[in-house]
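None of the values given here were measured: they were computed from a predicted structure.
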Amino acid sequence: MSESAERRKIRFISAGTECAAWYYPGVTGACVIMTGGLGVPKEPGTDRFAARFQQAGFAVLAFDYRRIGESGGQPRLAVRLTDELSDWQAAITCAASLPGVAPGRLAIWGFSTAGGHVFRVAVRNPGLRAAIAQMANADGLAAAVNASRYQQPLAMLRFTGRAVLDLVGGWVGQPPRLVPLAGPRGTVALLTTPDVQDTTVLNPGNKYPDWQQAVAARAGLAVALYRPGRSARAVQCPLLVVACEQDQTALAAPAIRAGQRAPRGEIVRVPGGHYAPFQAAHEQVVAAEIDFLRRHLLGGAGAQGQWPVAAGRRQT
């Protein structure tokens with residue numbers, strides 16, 4: 001989707017750097033702030049869901065983190081989780097100021113690493129009305145241990161060496177040492193788990209040719225030590241956790257536990273691996289998320305009764 005009547009390009013400032021975003025106007029006054037997973041720009045990461053949310057009446061602000069996609073910032077593709085959290089804050093501030101958006105009707109949405117950020121961003125912003133963590137990487141350490149099952153020891157050693165060199169090089173101003181976001185077992189890539197091998201899921205027909213599909217190797221170290229699901233018990237707003245039961249990249253069990261700890265947590269389980277919400281489970285996930293947003297952003301009944309309720313939480 002290009003710039004059109006359905007959406008328009010806007011920019012906002014985060015820590016002195018310009019971030020790029022698509023703004024999809026809505027008709028309800030409610031707005032969903034969205035971004036993609038680790039190293040995934042807004043177009044492949046959010047387009048399919050943002051369009052459906054807009055069709056349901058919600059405004060959407062879908063943004064790129066600094067140094068990713070169309071946003072500014074150097075060095076390119078150098079992921080810094082603390083900076084990403086700051087970018088979330090700037091995006092929320094931007095969304096609250098958009099014409100047609102009611103500042104008291106904001107929700108956040110993220111998947112994979114961004115889904116993990118959702119727990120921490122929601123804690124920092126108790127005024128949010130709702131939050132959606134989709135195939136969230138809630139426990140990076142558990143995910144890293146699991147991922148090691150799908151990598152050869154020598155390749156793992158080579159990746160670790162490159163990540164350490166990249167980290168040290170970043171301290172002295174050297175360019176990032178990039179690695180592919182995904183690759184087959186035995187290659188030096190950020191992820192070699194089987195359910196992320198087909199990157200055409202997010203980029204069908206090379207629809208987004210500018211997406212480099214790489215990040216600085218140091219990102220692997222940062223994500224492995226990141227355990228945002230521990231923040232879930234402090235999330236005050238309604239929280240929807242969408243977990244893929246065969247996910248080998250962002251494990252379902254830690255995300256589900258986070259949703260169970262959240263005071264107002266709801267859990268939707270779907271079959272499939274990491275990209276299931278972009279594939280066979282897409283319609284089920286979209287329906288669940290729109291129902292959740294309607295109930296908590298608009299105060300309507302939504303599609304009540306579509307999913308069985310257990311212990312006060314919606315689950316499938």
- Ignoring hydrogens and geometry, is there a side-chain-to-backbone donor-acceptor pair from Asp64 to Lys42 under 3.5 Å? yes
- Distance-only, no hydrogens or angles: does the Ser112 side chain make a donor-acceptor pair with backbone N or O of Ala136 under 3.5 Å? no
- Message: Measuring only between side-chain heavy atoms, which start at C-beta, is Leu167 closer than 4.5 Å to Leu165?
- Response: no
- For Gln55 and Ile290, what are the C-alpha separation, side-chain angles and deciding distance, and is it a side-chain contact (heavy atoms from CB on, under 4.5 Å)? CA-CA 10 Å; Gln55 289 168 11; Ile290 289 176; over 6 Å; no
- Shared hydrophobic cluster, Val286 / Met34 (ILVMFWY, side-chain heavy atoms < 4.5 Å): yes
- Query: Does Val268 reach the side chain of Val270, with side-chain heavy atoms less than 4.5 Å apart?
  - Reply: yes
- Message: Using the rule given for side-chain contact (heavy atoms from CB on, under 4.5 Å), can you reason through Thr192 versus Thr187, listing the C-alpha separation, both sets of side-chain angles and the distance that settles it, and then say yes or no?
- Response: CA-CA 8 Å; Thr192 56; Thr187 62; 4.3 Å; yes
- Message: Hydrophobic clusters here meaning ILVMFWY residues chained together by side-chain heavy-atom distances under 4.5 Å, can you tell me if Leu251 and Val196 are in one?
- Response: no
- Task: Check the pair Asp195, Gln246 against side chain to side chain donor-acceptor pair (under 3.5 Å), reporting the backbone distance first and the verdict last.
- Result: CA-CA 9 Å; Asp195 56 352; Gln246 288 78 44; over 6 Å; no
- Query: Between Ala216 and Leu178, which heavy-atom pair has the shortest distance, and what is it?
  - Reply: N-CD2, 3.6 Å
- Item | Salt-bridge contact Arg295-Glu266 (side-chain N to carboxylate O under 4.0 Å) | yes
- Using modelled atom types only, decide if a donor and an acceptor are shared between the side chain of Arg218 and the backbone of Val168 within a distance under 3.5 Å. no
- Between the main-chain N or O of Val121 and the side-chain N or O of Asn125, is there a donor-acceptor pair closer than 3.5 Å? yes
- Item | Residues Asp166 and Arg162 bridged, charged N to O under 4.0 Å | no
- For Leu81 and Ala222, work out which heavy atoms get closest and say how close. CD1-O, 3.8 Å
- Is Arg67 paired with Asp83 through a side-chain N to carboxylate O contact shorter than 4.0 Å? yes
- Query: For the ring pair Phe278 and His282, is the centre-to-centre distance below 6.0 Å?
  - Reply: no
- Query: Any donor and acceptor pair, going by atom type alone, linking the side chain of Gln212 with main-chain N or O of Gly39 inside 3.5 Å?
  - Reply: no
- Message: Could you see if Leu298 belongs to whatever hydrophobic cluster contains Phe53? Use Ile, Leu, Val, Met, Phe, Trp, Tyr and a side-chain cutoff under 4.5 Å.
- Response: yes
- Query: So, Gln151 side chain and Gly186 main chain: donor-acceptor pair closer than 3.5 Å or not?
  - Reply: yes
- Note on the structure: Rounded to the nearest 0.5 angstrom, the CD1-CG distance for Ile10 and Leu61 is 5.0 Å
- Query: With under 30° as parallel and over 60° as perpendicular, where do the rings of Phe49 and Trp109 fit, or are they tilted in between?
  - Reply: tilted
- Item | Full working for side chain to side chain donor-acceptor pair (under 3.5 Å) between Thr193 and Thr249 | CA-CA 6 Å; Thr193 40; Thr249 302; 2.7 Å; yes
- Message: Do Arg129 and Arg105 have side chains that approach each other closer than 4.5 Å (heavy atoms only, starting at C-beta)?
- Response: yes
- Would you name the heavy atoms of Asp87 and Ser14 that are closest together and state the gap between them? OD1-OG, 2.6 Å
- Query: Would you say Arg66's side chain and Ser71's backbone share a donor-acceptor pair under 3.5 angstrom?
  - Reply: no
- Query: Only one of Glu70, Glu43, Glu18 clears salt bridge (charged side-chain N to carboxylate O under 4.0 Å, His left out) with Lys9; which?
  - Reply: Glu70
- Task: State, yes or no, whether a side-chain contact exists between Tyr226 and Asp139 at a heavy-atom distance under 4.5 Å.
- Result: no
- Query: Shortest non-hydrogen contact from Ile33 to Ala91?
  - Reply: CG2-CB, 3.9 Å
- Task: Please examine the side chains of Asn203 and Trp211, heavy atoms only from C-beta on, and report whether any two atoms are closer than 4.5 Å.
- Result: yes
- Query: Do Ile108 and Val32 have side chains that get closer than 4.5 Å, going by heavy atoms?
  - Reply: no
- What one should report as the nearest heavy-atom pair of Gly259 and Val241 is CA-CG2, 3.8 Å
- Item | Short side-chain to backbone donor-acceptor contact, Thr17 and Ile13, under 3.5 Å | no
- Message: Ring centroids only, cut at 6.0 angstrom: are Trp22 and Phe63 within range, meaning strictly under it?
- Response: no
- Message: Salt bridge check, Arg294 against Glu289: does any charged N sit closer than 4.0 Å to a carboxylate O?
- Response: no
- Item | Pairwise distance CZ(Arg185) to CD(Gln197) - rounded to 0.5 angstrom | 11.5 Å
- Rounded to the nearest 0.5 angstrom, the CG-CZ distance for Leu141 and Arg227 is 5.0 Å
- Whether over 12 other heavy atoms sit under 6.0 Å from Arg76 CZ: yes
- Task: Check whether the side chains of His274 and Gln248 place a donor and an acceptor atom closer than 3.5 Å, and report yes or no.
- Result: no
- Taking the side chain from Asp247 and the backbone from Met135, do they hold a donor-acceptor pair closer than 3.5 Å? no
- Query: Once you round to the nearest 0.5 Å, how far does OG1 of Thr28 lie from CD of Gln54?
  - Reply: 10.5 Å
- How long is the span from the CZ atom in Arg158 to the CD atom in Gln152, to the nearest 0.5 Å? 10.0 Å
- Can we say Asp47 and Arg7 salt-bridge, meaning some charged N sits less than 4.0 Å from an Asp/Glu carboxylate O? yes
- Query: Just wondering, do Pro25 and Tyr23 contact through their side chains at under 4.5 Å, heavy atoms?
  - Reply: yes
- Joint cluster assignment, Leu191 & Leu221, ILVMFWY side-chain distance < 4.5 Å: no
- Arg257 and Arg230: CA distance, side-chain angles, deciding distance, side-chain contact (heavy atoms from CB on, under 4.5 Å) verdict: CA-CA 9 Å; Arg257 287 195 296 270; Arg230 294 182 169 187; over 6 Å; no
- Query: Can you tell me how far CZ of Arg233 sits from CZ of Phe119, rounded to the nearest 0.5 angstrom?
  - Reply: 12.5 Å
- Item | Single-linkage hydrophobic cluster, 4.5 Å side-chain cutoff, Met156 and Leu190 together | no
- Over all atoms of both residues, closest heavy-atom pair of Cys31 and Ala95: SG-CB, 4.1 Å
- Say whether Tyr24 and Glu6, considering side chains only, have a donor N or O and an acceptor N or O under 3.5 Å apart. no
- Report yes if the side chains of Val40 and Ile68 come closer than 4.5 Å at any heavy-atom pair, otherwise no. no
- Test side-chain contact (heavy atoms from CB on, under 4.5 Å) on Leu293 and Ile132 and set out the steps. CA-CA 9 Å; Leu293 292 170; Ile132 299 175; 4.0 Å; yes
- Would you find a donor on one side and an acceptor on the other, under 3.5 Å apart, between the side chain of Arg11 and the backbone of Cys19? no
